[in-house]
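Taking it in order: structure first as structure tokens, then the write-up.
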Amino acid sequence: MLNRVLTGVPDNDPRLTHVVELSARAADVTTWPTWAAPEVVAALHDIGVDTPWTHQIRTADLAFQGNHVVISTGTASGKSLGYQLPVLTALQADPKATALYLAPTKALGADQLRAVGALTHESPLRDVYPATYDGDTPAEIRQWVRANARWIFTNPDMLHLGILRSHQRWARVLRRLRYVVIDECHAYRGVFGSHVALVLRRLRRIAARYGADPVFVLCSATTAEPAAAASRLIGAPCAAVTEDGSPQGPRTIALWEPPLLTTVTGENGAPVRRAATAETARILADLVTEGARTLAFVRSRRAAELTAMDAKRRLAEVDPALAERVASYRAGYLAEDRRDLEAALSDGSLLGAATTNALELGVDIAGLDAVVISGFPGTVASFWQQAGRAGRRTHGSLVLLVARDDPLDTYLVHHPEALLDKPVEATITDPHNPYVLGPQLLCAALELPLSDTEVAELGAHEVLHDLAEKGLIKRRAVREGARWYVTADAQPHDAVDVRGGIGNPVAIVDGETGRLLGTADAGRAPASLHQGAVHLHQGDTYEVDELDLEGGVAFVHASEPGWTTSARQVTSIAIDTVTEHRRHGHVTTGLAQVRVTSQVVGYLRTLVTGEVLDLVELDLPAQTLPTRAVMYTVTPELLAQAGIEPQDVPGALHAAEHAAIGLLPLVATCDRWDIGGVSTAEHPDTGLPTVFVHDGQPGGAGFAERGFTRLRHWLSATLAAIESCGCAGGCPSCVQSPKCGNGNHPLNKAGAARLLTAVLAELPAM
């Protein structure tokens with residue numbers, strides 16, 4: 001299939017680094033459980049579900065028996081039936097019973113509401129009254145939902161702000177709450193996941209106040225340790241269903257590395273690899289020409305638009321009619337436009353679409369022949385989610401990963417076992433992060449005063465006493481025992497961004513029209529919304545005229561400058577506390593509480609070809625971030641033994657730091673933009689050459705801890721990525737970073753390889 005759809009590409013093409021054939025899998029079916037309501041089974045029959053698969057009924061049985069359960073199976077494996085069956089049966093049996101459904105995105109929630117609506121509309125199940133309750137729900141509809149809906153489809157943000165904060169108004173729903181469904185629960189990771197974990201504990205606490213003890217049913221992509229991850233998320237033991245009984249057609253998985261260009265150079269004269277989006281557009285056009293229904297996943301909304309335009313241009317040269325059968329799909333489109341595109345993809349009238357990860361979660365697109373993934377999507381779980389969009393049921397399919405100019409992508413296409421043979425990542429959450437736990441405690445105390453027992457269960461005494469010293473909460477003796485109360489007039493819910501933003505949001509305003517385009521985190525605004533920055537919004541390009549951090553606003557104007565911008569900032573790091581450390585000969589590794597001080601000093605203007613135009617200087621205030629870091633120090637003796645001359649030490653450390661940042665997502669569910677790093681030839685707190693990689697969120701997000709526990713595996717992969725890159729002196733595929741504050745200088749690729757080899761020789765074997 002590969003040669004047929006990738007026209008004229010021989011199997012020995014150097015761009016094609018790996019091909020593997022995955023066998024088909026037959027369905028494993030079972031019978032409907034005796035406890036299932038006949039009306040529910042009949043409704044499922046009416047939509048074409050005649051015989052359930054084993055994992056669906058195993059999940060439903062566990063939930064019906066009162067067990068919290070997570071179903072962790074592949075894309076398009078029918079996970080939703082695992083919760084629909086017990087939930088609808090319970091709602092049919094008890095006319096006052098209720099259920100909640102939580103999704104990380106509105107689009108997914110809307111899609112699942114439509115699926116439940118198809119089961120309940122004009123049937124004996126019609127008094128279930130499924131309804132959406134989110135930020136877009138009009139006020140009059142919200143009132144109806146509170147009074148009548150029995151299955152409410154919402155998201156963690158609205159659960160936090162709209163339901164728990166005013167739980168008295170939701171007493172009808174909370175009093176008879178039987179089930180809580182958490183869809184795509186692998187999306188809840190890092191600070192977002194830590195906030196959601198505490199929101200769910202608050203939900204269980206408030207439900208208990210009204211006499212309810214709901215069963216949680218979680219759905220996840222195939223992940224490592226699903227039971228443990230789900231248990232951490234909901235704060236209670238959770239069973240796991242992982243054996244997938246759904247059918248799967250044969251699949252061809254191929255890895256593709258675009259070539260290095262010879263006509264242009266990047267920063268410091270480094271070679272530039274052909275853009276993954278350009279390769280993806282060409283491959284998408286080739287696939288559509290062959291009649292293959294194809295999704296191309298890209299990393300941004302703008303890339304979706306540009307990839308579709310490029311593919312249409314190529315197709316118009318072959319057959320203008322084919323060009324009309326390709327489109328882009330992304331968040332930001334009107335709901336009806338998205339549904340039209342989904343329907344056109346499903347029925348084949350649309351052959352190709354370039355999409356963001358908006359089509360990764362939940363939306364049911366069937367019968368696709370191919371998926372092209374433009375750049376590793378950040379986690380193995382997301383890779384398989386996107387790959388699973390091709391070859392539904394028994395159809396054969398192609399999945400092609402096109403590597404970006406990035407160390408992790410370079411590593412994966414040359415070490416396919418790290419992608420194809422690796423268990424998917426365990427989701428990282430840290431509900432004990434004081435920067436997450438503190439605000440959440442205030443919300444919980446306002447909803448219902450906290451007892452000392454509850455505080456002890458959360459391990460929150462120290463955080464709570466810090467809040468008390470700031471005058472935000474007080475402990476009072478009452479009839480039931482001592483309780484913690486939020487001080488008068490506090491509104492802690494408004495101060496919590498469940499998605500994990502840093503600081504108060506900065507409004508992005510079109511200065512010519514006054515239109516609010518969106519918001520950005522204050523902590524990230526200096527690097528993304530500085531004067532002169534190019535800002536993308538729903539496919540349109542804007543330039544920033546002014547950033548007013550004190551006023552919380554960035555003014556922009558529409559523009560097509562022809563270049564992109566990337567901030568350059570200088571960063572220093574101070575160690576507050578080393579919480580763990582291990583000495584291995586000439587190498588000492590550690591996990592530390594640190595303070596990272598950064599200042600944006602300028603920005604690069606780069607053409608779409610990768611060629612750098614210039615560096616524009618800026619003068620912005622410094623910012624300090626308290627967070628967690630994984631670190632290692634080396635002795636001068638080790639550097640000398642490795643053949644690294646004193647003048648080459650800064651460049652070797654710097655290059656090793658950059659490459660390690662690029663490879664941390666291999667062992668932790670993060671993106672390189674979630675983390676940062678600092679390296680120095682003699683750090684004032686250690687007195688030694690030191691490399692740090694730190695979390696980008698206040699208090700940390702759990703990524704540094706994962707790097708510390710998997711240090712040898714992580715640094716081994718970092719060395720392999722450097723060694724497998726074909727450039728001579730360093731490029732974005734190995735040791736250059738798109739966000740380096742020092743303009744990617746100094747960098748010593750060969751020195752980094754020698755440094756990492758020496759460090760790994762000191763670390764104990766895995």
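Quick note: numbers below take in every heavy atom, side chains included, and nothing from hydrogens, waters or symmetry partners.
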- request: Report yes if some heavy atom in the side chain of F297 is under 4.5 Å from a heavy atom in the side chain of P377; otherwise report no.
  value: no

- prompt: Considering all heavy atoms of both residues, which atom of H55 and which atom of E243 are nearest to each other, and what is their separation?
  reply: CB-O, 3.1 Å

task: Keeping the roles fixed (side chain from S724, backbone from A721), state whether a donor-acceptor pair exists under 3.5 Å.
output: yes

query: Just how far is it from atom CH2 of W256 to atom CG of L16, taken to the nearest 0.5 Å?
result: 6.0 Å

query: In chain order, what residues pass the side-chain hydrogen bond (donor to acceptor under 3.5 Å, both in side chains) check against D405, with sequence neighbours excluded?
result: S733

field: Under 3.5 Å: donor-acceptor pair, side chain of N155, backbone of T105
entry: no

statement: Contacts of P561 meeting side chain to side chain contact (heavy atoms under 4.5 Å, CB included) (sequence neighbours excluded), chain-then-number -> V534, T541, E543, S559, W563

message: Quick one, D61 with R58, criterion salt bridge (Lys or Arg N to Asp or Glu O under 4.0 Å). Give me CA distance, side-chain angles, the key distance, then yes/no.
response: CA-CA 5 Å; D61 279 339; R58 175 66 177 151; over 6 Å; no

message: Tell me every residue that passes salt bridge (charged side-chain N to carboxylate O under 4.0 Å, His left out) with R126, counting only those two or more places apart in sequence or in another chain.
response: none

message: I508 vs L517, test: side-chain contact (heavy atoms from CB on, under 4.5 Å). Steps then yes/no.
response: CA-CA 5 Å; I508 305 168; L517 300 179; 4.3 Å; yes

- prompt: Hey, does F216 have a side-chain heavy atom less than 4.5 Å from the side chain of L233?
  reply: no

- prompt: H18: what forms a side-chain hydrogen bond (donor to acceptor under 3.5 Å, both in side chains) with it, not counting sequence neighbours?
  reply: none

task: Kindly give the heavy-atom pair with the smallest separation between S220 and V70, and that separation in Å.
output: CB-CG2, 4.3 Å

task: Decide if atom NE2 of H45 counts as having more than 12 heavy atoms of other residues, nucleotides or ligands within a radius under 6.0 Å.
output: yes

- request: Go through the structure and list residues passing ring-ring contact (aromatic ring centres under 6.0 Å, His included) with F192, not counting sequence neighbours.
  value: Y188

task: Could you list the residues that satisfy salt bridge (charged side-chain N to carboxylate O under 4.0 Å, His left out) with D157, not counting sequence neighbours?
output: R499

Minimum-distance pair of heavy atoms, taken over all atoms of P416 and L255: CB-CD1, 3.6 Å

Please output the side-chain donor-acceptor pairs of residues 319-327 that fall under 3.5 Å, not counting sequence neighbours, one pair per line with the distance.
{"from": "D319", "atom 1": "OD1", "to": "A321", "atom 2": "N", "distance (Å)": "3.0"}
{"from": "R325", "atom 1": "NE", "to": "S349", "atom 2": "O", "distance (Å)": "3.2"}
{"from": "R325", "atom 1": "NH2", "to": "G348", "atom 2": "O", "distance (Å)": "2.6"}

statement: Correct closest heavy-atom pair for A60 and L85 would be CB-CD2, 4.1 Å

- request: Name all pairs fulfilling the side chain to side chain donor-acceptor pair (under 3.5 Å) condition that reach into residues 78-89, sequence neighbours left out, sorted by first residue then second.
  value: Y83-Q112

message: To the closest 0.5 Å, what do you measure between OH (Y133) and CD1 (I152)?
response: 9.0 Å

query: Under 4.5 Å between any side-chain heavy atoms of V399 and F383, yes or no?
result: yes

- prompt: For T410, what residues pass the side-chain hydrogen bond (donor to acceptor under 3.5 Å, both in side chains) criterion, not counting sequence neighbours?
  reply: none

- prompt: Between R404 and T277, do the side chains contain an N or O donor and an N or O acceptor separated by less than 3.5 Å?
  reply: no

field: Test applied, side chain to side chain contact (heavy atoms under 4.5 Å, CB included); reference residue, I373; option that passes from R389, Q386, R299
entry: Q386

- prompt: Is D183 reaching over with its side chain to a backbone N or O of A103, donor-acceptor style, under 3.5 angstrom?
  reply: no

- line: Output for pair (L62 CG, I57 CD1), nearest 0.5 Å, gives 11.5 Å

field: Side-chain touch T294/L398, heavy atoms, less than 4.5 angstrom
entry: no

- request: Using the test ring-ring contact (aromatic ring centres under 6.0 Å, His included), find all partners of H415 that sit at least two apart in sequence or belong to another chain.
  value: Y411

- prompt: In Å, rounded to the nearest 0.5 Å, how long is the span from OG1 of T137 to CE of M158?
  reply: 6.5 Å

- line: For S374 and V298, the nearest pair of non-hydrogen atoms, with its separation, is CB-CG1, 3.9 Å

message: My understanding is that only residues two or more places apart in sequence, or in another chain, count here; which of them pass salt bridge (charged side-chain N to carboxylate O under 4.0 Å, His left out) with E257?
response: R273

task: Verify whether one side chain among D244 and S246 offers a donor that lies under 3.5 Å from an acceptor in the other.
output: yes

Residue pair W151 / T120, side-chain heavy-atom distance below 4.5 Å: no

message: Would L420 and W384 count as a side-chain contact (heavy atoms from CB on, under 4.5 Å) here? Give the steps.
response: CA-CA 9 Å; L420 305 179; W384 288 115; 4.1 Å; yes

message: Test side-chain contact (heavy atoms from CB on, under 4.5 Å) on V87 and V217; report intermediate values, then the result.
response: CA-CA 10 Å; V87 172; V217 184; 5.7 Å; no

- request: Compare all side-chain heavy atoms of L368 with those of S397 and state whether any distance is below 4.5 angstrom.
  value: no

- line: CG (L306) and CZ (R313) are apart, to the nearest 0.5 Å, by 11.5 Å

pair L81-W53: side-chain heavy atoms closer than 4.5 Å: no

query: What's the spacing between L666 CG and L412 CG if we round to 0.5 Å?
result: 6.0 Å

message: Before you tell me yes or no, could you show the steps for T132 and I141 under side-chain contact (heavy atoms from CB on, under 4.5 Å), namely the whole-Å CA-CA distance, both residues' side-chain angles and the distance that decides it to 0.1 Å?
response: CA-CA 9 Å; T132 296; I141 301 299; over 6 Å; no

message: Ignoring hydrogens, what is the shortest heavy-atom contact between P407 and P732? Give both atom names and the distance.
response: CD-O, 3.3 Å

- line: R251 meets the side-chain hydrogen bond (donor to acceptor under 3.5 Å, both in side chains) criterion, sequence neighbours left out, with none

field: Side chain to side chain, Y101 and L108, heavy atoms closer than 4.5 Å
entry: yes

